[in-house]
Amino acid sequence: MSESADWTKGVAAISYQRCACCAHVQYFRRDFCAACGSLALTDHAAGGEGTVYATSLVCRAATPETRAHVPYNIVLVDMREGFRMMAHGDHDLAIGDTVNARFVSFAGVTVPYFGKAP
């Protein structure tokens with residue numbers, strides 16, 4: 001996977017890094033491993049499956065662009081690959097729910113969005 005193949009760059013994908021030295025998995029892109037400092041990182045695409053760690057319903061718009069989306073749910077998801085990420089999700093999600101990611105438009109940007117797994 002190329003460095004640009006990620007939702008933060010407009011591509012409908014969730015990417016993460018794995019350290020070739022210590023096998024640490026990290027979601028936020030860095031030039032070095034946050035665990036051991038190695039520069040030997042490889043990029044990977046996440047499958048989009050995870051478990052809800054926390055959920056918070058946002059009832060007040062942070063910006064004028066998000067006003068049309070209120071209320072919206074923000075979730076922390078423990079991804080199957082071993083990292084935790086923050087994203088949008090269905091309103092009925094609860095801690096422990098198994099979820100799958102898809103991508104939706106939110107305030108003009110494509111973002112990961114989690115719903116209950118079938």
Hydrophobic cluster membership, with links at side-chain heavy-atom distances under 4.5 Å among I/L/V/M/F/W/Y: are [X] and [Y] in one?
X      : Y      : result
Met86  : Val75  : yes
Val104 : Val109 : yes
Phe32  : Phe83  : no
Val111 : Leu57  : no
Leu41  : Tyr27  : no

Query raised in the report: Can you say whether the rings of Tyr72 and Phe106 are parallel (under 30°), tilted (30 to 60°) or perpendicular (over 60°)?
Result: perpendicular
Taking [X] for its side chain and [Y] for its backbone only, find out whether a donor-acceptor pair lies under 3.5 Å.
X      : Y      : value
Gln17  : Cys33  : no
Thr55  : Ala94  : no
Glu65  : Gly108 : no
Asp90  : Asp92  : no
His91  : Pro71  : yes
Asn100 : Ala117 : no
Arg30  : Phe28  : yes
His24  : Cys36  : no
Asp97  : Val52  : no

Closest non-hydrogen atom pair between [X] and [Y], with its separation:
X     : Y      : value
Val99 : Phe114 : CG2-CD2, 3.5 Å
Arg29 : Ser15  : NH2-OG, 4.4 Å
Tyr53 : Ile95  : O-CG1, 3.6 Å
Arg18 : Glu81  : NH2-O, 4.2 Å
Cys59 : Val70  : O-CG1, 3.2 Å
Asn73 : Ser56  : OD1-O, 2.9 Å

Report task. From the options Thr51, Val77, Leu76, select the one residue that forms a side chain to side chain contact (heavy atoms under 4.5 Å, CB included) with Arg84. Result -> Leu76
Query raised in the report: In Å and rounded to the nearest 0.5 Å, what is the CG to OG1 distance from Asp78 to Thr98?
Result: 11.0 Å
Query raised in the report: Could you state the interatomic distance from CE (Met79) to OH (Tyr16), rounded to the nearest 0.5 Å?
Result: 9.5 Å
**Report entry** Over 12 foreign heavy atoms within 6.0 Å of CG, Asp31
**Finding:** no
Query raised in the report: Within a radius of less than 6.0 Å around CZ of Arg60, do more than 12 heavy atoms belonging to other residues, nucleotides or ligands occur?
Result: no
Query raised in the report: Listed by chain and number, what are the salt bridge (charged side-chain N to carboxylate O under 4.0 Å, His left out) partners of Glu49, not counting sequence neighbours?
Result: Arg80
Query raised in the report: Is any side-chain heavy atom of Val11 less than 4.5 Å from a side-chain heavy atom of Phe103?
Result: no
Query raised in the report: Should His44 and Val25 count as side-chain neighbours, where that means a heavy-atom distance under 4.5 Å?
Result: no
